[in-house]
Amino acid sequence: MKSILLFIAILLFSFTGTSQTKKDSLNKIVRERINTIQETQSDNPYFTKQEIEEEYANENNTFQALAKPSENSDLANYFKIYLESNLLKKIDFSTIKSSYMYKKISNNKFNYTIRLTFEINKKKKPTNFRINTGNKELDRKVIEIFKKYPLEKLALSEADKHGKISIQLFVKENKNIIIKASTFAVVDQLPITKGCENLQTNWEVNNCLYEKLNEYIIQNISLKTISEQDLRGEIIFSPRFSINPEGKIVKVNCIAPNRIIKDEIDRVISSYDQILTPGTRNNKPKNMYCDTYRTLTIKDLN
């Protein structure tokens, strides 16, 4: 049996120190490869449609209870001053509902709310904004306005600044889209794995989790099992798993080129026991779904 070399090349969706043109090109390649693997593995969904809708409803109920959105919150009054009311007409829920994130949510289960999420960088400035109003121009306008909002009004603790921060801004009620913004921020903290305890930003913690997991996969994957496969060169696989409120990895179900490689990667991930603390939402432990895409390069060593 020939010996083989395994090499994990990590695909990142933000490329620091790279020109925007090259970033766009690399992202396009990644998206194409991901679409291909998703199409070929459509018979292996991680969640059923019922599970997706139940989790969607539960998450929204939890968020609403914590955020306490109001038409008269300080954030709502701020946007009423700085966002022209006629721009609310540009919000396109049909476009939002057709996006990948919501395409499996039934119309009668969809909640007509719009959130803005962001993180805090090492300079204590908000960054990595995400919002989907169904209109790119409006997205940029909303972010531009929010950047001038005093962050201290969100009453974030130092620990909160290490997580992903979410606020509601708009909602559709009685066929009208109105400004109904969070009274309180909702903060999701990622699970912390051994070796990632002292990182300062959500982005760093996220990358560290997958880096440590990939190191563990490469150190523990069975070379004999992989060498017996008729696959050489670069392949894409997708680790998919959940980390429960006790910090344990459960329901491992990765996507891989064949069943044997999938079962081997699932076996290794299931044995990973270096999670120190689970993910949390406003300091309460929560179940957290994790997935990513990685390349595995298999080469024969002569």
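Without hydrogens or angle criteria, Lys97 side chain to Ser106 main chain gives no donor-acceptor distance under 3.5 Å. Between the side chain of Asn174 and the main chain of Asn176, no donor-acceptor pair closer than 3.5 Å is present. Using a distance-only test at 3.5 Å, with no hydrogens or angles considered, a donor-acceptor pair links the side chain of Ser182 to the main chain of Gln168. For Tyr210 (side chain) and Arg294 (main-chain N/O), no donor-acceptor pair under 3.5 Å exists by modelled atom type. Of the possible polar contacts, one joining the Thr193 side chain to the Gln274 backbone as a donor-acceptor pair under 3.5 Å is found. Within the 3.5 Å criterion, the main-chain N or O of Thr48 finds a donor-acceptor partner in the side chain of Glu51. Of the possible donor and acceptor atoms, none in the side chain of Thr183 sits under 3.5 Å from a partner among the backbone N and O of Ser73. In this structure, Ser157 contributes its side chain and Asp160 its backbone to a donor-acceptor pair below 3.5 Å. Formation of a donor-acceptor pair under 3.5 Å by the Lys68 side chain with backbone atoms of Ala65 is found in this model.
Taking the six-membered ring wherever Trp is involved, the centroid distance between the rings of Tyr289 and Phe47 falls below 6.0 Å. Aromatic ring centres of Phe118 and Phe146 lie closer together than 6.0 Å.
Residues Leu88 and Ile178 have side chains not in contact (no heavy-atom distance under 4.5 Å, counting atoms from C-beta outward). The shortest distance between side-chain heavy atoms of Ile249 and Ile269 falls below 4.5 Å. In this structure, the side chains of Phe110 and Ile96 come closer than 4.5 Å at one or more pairs of heavy atoms. Between Val186 and Ile165 there is no side-chain heavy-atom pair separated by less than 4.5 Å. At least one side-chain heavy atom of Ile131 sits under 4.5 Å from a side-chain heavy atom of Ile143. Put simply, the side chain of Tyr78 reaches to within 4.5 Å of the side chain of Ile145, judged on heavy atoms. Annotation: side chain of Glu71 is not in contact with side chain of Ile179 (no heavy-atom distance under 4.5 Å). No side-chain heavy atom of Tyr112 sits less than 4.5 Å from a side-chain heavy atom of Ile177.
Here the closest heavy-atom approach between residue Pro239 and residue Cys254 is recorded as CA-CB, 3.9 Å. Residues Thr117 and Ser166 approach most closely at CG2-OG, 3.2 Å, considering heavy atoms. The two residues Leu209 and Cys290 come nearest to each other via the heavy atoms CD2-SG, 4.5 Å. Gly279 and Met288 make their closest contact through CA-CE, 4.1 Å (heavy atoms, listed as atom of the first residue, atom of the second, distance). Listed here is the closest heavy atom pair of Val252 and Ser270: CG2-OG, 3.3 Å. Counting all heavy atoms, side chain and backbone alike, Lys49 lies closest to Lys104 at NZ-O, 2.8 Å.
For the residue pair Tyr102 and Lys109, no side-chain donor N or O sits within less than 3.5 Å of a side-chain acceptor on the partner. Lys141 and Asn135 share no side-chain donor-acceptor pair at under 3.5 Å. Using modelled atom types and a 3.5 Å distance limit, the side chains of Asn72 and Ser70 yield no donor-acceptor pair. A side-chain donor-acceptor contact under 3.5 Å links Asn111 and Tyr56. For the 3.5 Å distance criterion, the side chains of Asn214 and Tyr216 fail to qualify, holding no donor opposite an acceptor. Neither side chain, Gln200 nor Glu204, offers a donor N or O lying under 3.5 Å from an acceptor on the other.
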Item to complete: Would you please test Lys122 and Thr201 for side-chain contact (heavy atoms from CB on, under 4.5 Å) and show each step?
Response: CA-CA 7 Å; Lys122 291 182 177 179; Thr201 68; 3.8 Å; yes
Fill in: Steps toward side-chain hydrogen bond (donor to acceptor under 3.5 Å, both in side chains) verdict (Gln219, Glu215)
CA-CA 6 Å; Gln219 290 168 3; Glu215 289 174 7; 5.0 Å; no
Fill in: Working for side-chain contact (heavy atoms from CB on, under 4.5 Å), residues Asp263 and Arg267
CA-CA 6 Å; Asp263 288 347; Arg267 178 192 69 79; over 6 Å; no
Worksheet entry | Step-by-step side-chain contact (heavy atoms from CB on, under 4.5 Å) determination, Leu151 to Lys161 | CA-CA 11 Å; Leu151 279 184; Lys161 295 174 183 177; over 6 Å; no
Item to complete: List the steps, then state whether salt bridge (Lys or Arg N to Asp or Glu O under 4.0 Å) holds for Lys286 with Asp188.
Response: CA-CA 9 Å; Lys286 58 174 278 189; Asp188 291 299; 3.3 Å; yes
Worksheet item: Passes side-chain contact (heavy atoms from CB on, under 4.5 Å), Leu138 versus Phe170? Steps please.
Response: CA-CA 12 Å; Leu138 181 57; Phe170 314 116; 5.7 Å; no
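In this structure, CG on Asp266 lies 9.0 Å from CZ on Arg240, to the nearest 0.5 angstrom. Between the OG atom in Ser222 and the CD atom in Glu264 there is a gap of 5.0 Å [rounded to 0.5 Å]. Remark: Tyr293 OH to Phe237 CZ distance equals 12.0 Å, nearest 0.5 Å. For the atom pair OH (Tyr272) and CD1 (Ile243), the distance works out to 8.5 Å, reported to the nearest 0.5 Å. One distance of note links NZ of Lys212 with CD1 of Ile275; it measures 12.0 Å at 0.5 Å rounding. To the nearest 0.5 Å, atom OG1 of residue Thr225 and atom CD1 of residue Ile265 are 11.0 Å apart.
Between Lys147 and Glu144, no side-chain nitrogen of the basic residue sits less than 4.0 Å from a carboxylate oxygen of the acidic one, so the salt-bridge criterion is not met. The existence of a salt bridge linking Arg130 and Asp139 is excluded, since no basic side-chain nitrogen approaches an acidic carboxylate oxygen closer than 4.0 Å. We find that Arg281 and Glu59 are joined by a salt bridge, their nearest charged nitrogen and carboxylate oxygen being less than 4.0 Å apart. At a threshold of 4.0 Å, the pair Glu119-Lys164 does not count as salt-bridged, since none of the basic side-chain nitrogens sits closer than that to a carboxylate oxygen. Salt-bridge annotation for Glu84 and Lys89: absent, with no side-chain N of the basic residue lying under 4.0 Å from a carboxylate O of the acidic one.
With hydrophobic clusters built from ILVMFWY side chains whose heavy atoms lie under 4.5 angstrom apart, Val171 does not share a cluster with Ile167. There is no path of hydrophobic side-chain contacts, each under 4.5 Å, that joins Leu213 to Leu276. Under the 4.5 Å side-chain heavy-atom criterion for ILVMFWY residues, no single connected hydrophobic cluster contains both Phe79 and Phe184. Ile120 and Ile192 sit in two unconnected hydrophobic clusters of ILVMFWY residues. Membership requires side-chain heavy atoms under 4.5 Å apart, directly or through other members. Under the 4.5 Å side-chain heavy-atom criterion for grouping Ile, Leu, Val, Met, Phe, Trp and Tyr, Leu66 is connected to Phe63 within one hydrophobic cluster.
The number of heavy-atom neighbours closer than 6.0 Å to CG of Asn283, taken from other residues, nucleotides and ligands shown, is 12 or below. Within a 6.0 Å sphere centred on NZ of Lys284, heavy atoms belonging to other residues, nucleotides or ligands number 12 at most.
Geometric assessment of Lys251 against the ring of Tyr46 yields a positive cation-pi assignment under the 6.0 Å and 45° thresholds.
Among residues at least two apart or in separate chains, disulfide (SG to SG under 2.5 Å) pairs with a member in residues 143-211 are Cys196-Cys208.
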